[in-house]
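Working notes, beginning with the structure itself.
Below, chains carry the letters A, B, ... as their sequence lines are ordered, and counting in each starts from 1.
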Amino acid sequence: LKSDANEPINIRAASVDANEKTGNAVYRGNVVMTQGSLRLEADRVDVAMRDGRLDRAKAFGKPARLRSLADTGEEVRAHATRIDYRARTRVVDLEGKVWIKRGGDVVTGATARYELDTQRFTARGANDGQVTAVIQPRPAETPK
Amino acid sequence: MSDARRWIAGALLALAALGSWWLTGSVAPPDSTADPRTRHDPDYVIEQFTSWSTNERGERRYRLEAERLVHYPDDDTAHLTQPYLVQYPEDGGPPIHTRAREGLMPGDGREILMSGDVRTARGADPESAGGEILTDRMRIELDR
């Protein structure tokens with residue numbers, strides 16, 4: 001949700017390395033980060049703060065998992081080896097065994113970029129390899 | 001007594017003497033006069049400990065409290081019970097409060113290792129909604 005950026009950030013992890021000077025921190029071990037409807041689960045998350053706000057979260061996992069709600073109410077789920085979430089632009093870059101599910105649609109590929117607010121995503125296969133997409137037909141509108 | 005027997009008796013006596021010498025050496029009480037600097041003994045204990053740190057402009061940077069601080073000269077570490085760290089961000093953002101069961105601070109004071117039910121809370125401000133971190137271990141590099 002667009003309002004996610006104004007929600008508190010809650011993080012649970014087994015261990016944390018925090019640098020007060022830079023404001024950056026590395027979270028390790030069953031990391032769960034939530035901010036509003038956004039939920040990120042991974043083995044490790046590198047968080048960068050700027051002016052006291054979340055700037056960027058890079059998640060690494062086997063796979064790392066992201067879930068978020070679009071303003072339309074549709075749920076978006078994504079898995080990848082690496083998920084790079086830029087909080088200010090609400091853009092997510094995914095890399096490695098990418099799987100994205102939005103409503104009934106599923107896309108897989110090597111890399112993908114997903115814009116949470118516009119719900120636009122571009123996916124690319126490895127070395128111009130295959131991207132698979134299963135797009136559910138929109139329910140036909142009954143003629144008036 | 002024939003020579004052979006005399007030799008055997010002598011050998012047995014020597015063996016017994018050697019054994020008792022070894023025995024006394026291995027069960028002798030530790031030497032209480034050993035150098036205290038090599039032993040891990042505290043040199044001072046502070047109850048209800050509070051310390052402040054300021055930057056070069058005299059602005060407070062952080063406050064560290066603990067129910068108990070025990071200092072060990074051999075490795076120059078300070079062990080803290082129920083440490084409570086308040087960090088005051090330089091950008092004037094809300095203070096960051098961190099509590100834990102135990103804390104460990106090396107001599108140079110550049111970092112503090114918090115362990116056991118570590119909980120960090122950051123208040124909200126116009127810029128950010130704040131948030132909370134829950135973990136078992138947290139290493140905080142202090143901006144000294």
Shared hydrophobic cluster for B/Trp52 and B/Val86 (ILVMFWY, side-chain gaps under 4.5 Å)
yes
Side chain proximity check, B/Ile133 to A/Asn10, heavy atoms < 4.5 angstrom:
no
Inspect the surroundings of CZ in A/Arg88 and state if more than 12 heavy atoms from other residues, nucleotides or ligands are less than 6.0 Å away.
yes
Mark yes when over 12 heavy atoms from residues, nucleotides or ligands other than A/Asn30 sit less than 6.0 Å from its CG; otherwise mark no.
no
Looking at A/Val32, A/Leu54, A/Val26, A/Ile11, which makes the most heavy-atom pairs under 4.5 Å with chain B?
A/Ile11
I'd like to know if A/Met33 and B/Ile96 are part of one continuous hydrophobic network [Ile/Leu/Val/Met/Phe/Trp/Tyr, side-chain heavy atoms within less than 4.5 Å].
no
Is B/Leu69 reachable from B/Met114 through a run of I, L, V, M, F, W or Y residues, each pair having side-chain heavy atoms under 4.5 Å apart?
yes
Looking only at atom types and distance, does a side-chain atom of B/Thr135 sit under 3.5 Å from a main-chain N or O of A/Arg12, one as donor and one as acceptor?
no
Taking every non-hydrogen atom, the tightest pair across A/Pro8 and B/Gly131
CB-CA, 4.0 Å
Shortest non-hydrogen contact from A/Asp17 toward B/Arg139
OD1-NE, 2.8 Å
If you measure from CZ on A/Arg28 to CG on B/Asp136, what distance do you get to the nearest 0.5 Å?
14.0 Å
Using a 3.5 Å cut-off and no angle test, enumerate the donor-acceptor pairs between side-chain atoms of residues 63-73 of chain A and protein atoms at least two apart in sequence or in another chain.
residue, atom, partner, partner atom, Å
A/Arg65, NH1, A/His79, NE2, 3.3
A/Asp71, OD1, A/Lys2, N, 3.4
A/Asp71, OD2, A/Lys2, N, 3.3
A/Thr72, OG1, A/Glu74, N, 3.3
A/Thr72, OG1, A/Gln119, NE2, 3.4

Can you tell me how far the CZ atom of B/Arg110 sits from the CD atom of A/Glu20, to the nearest 0.5 Å?
12.0 Å
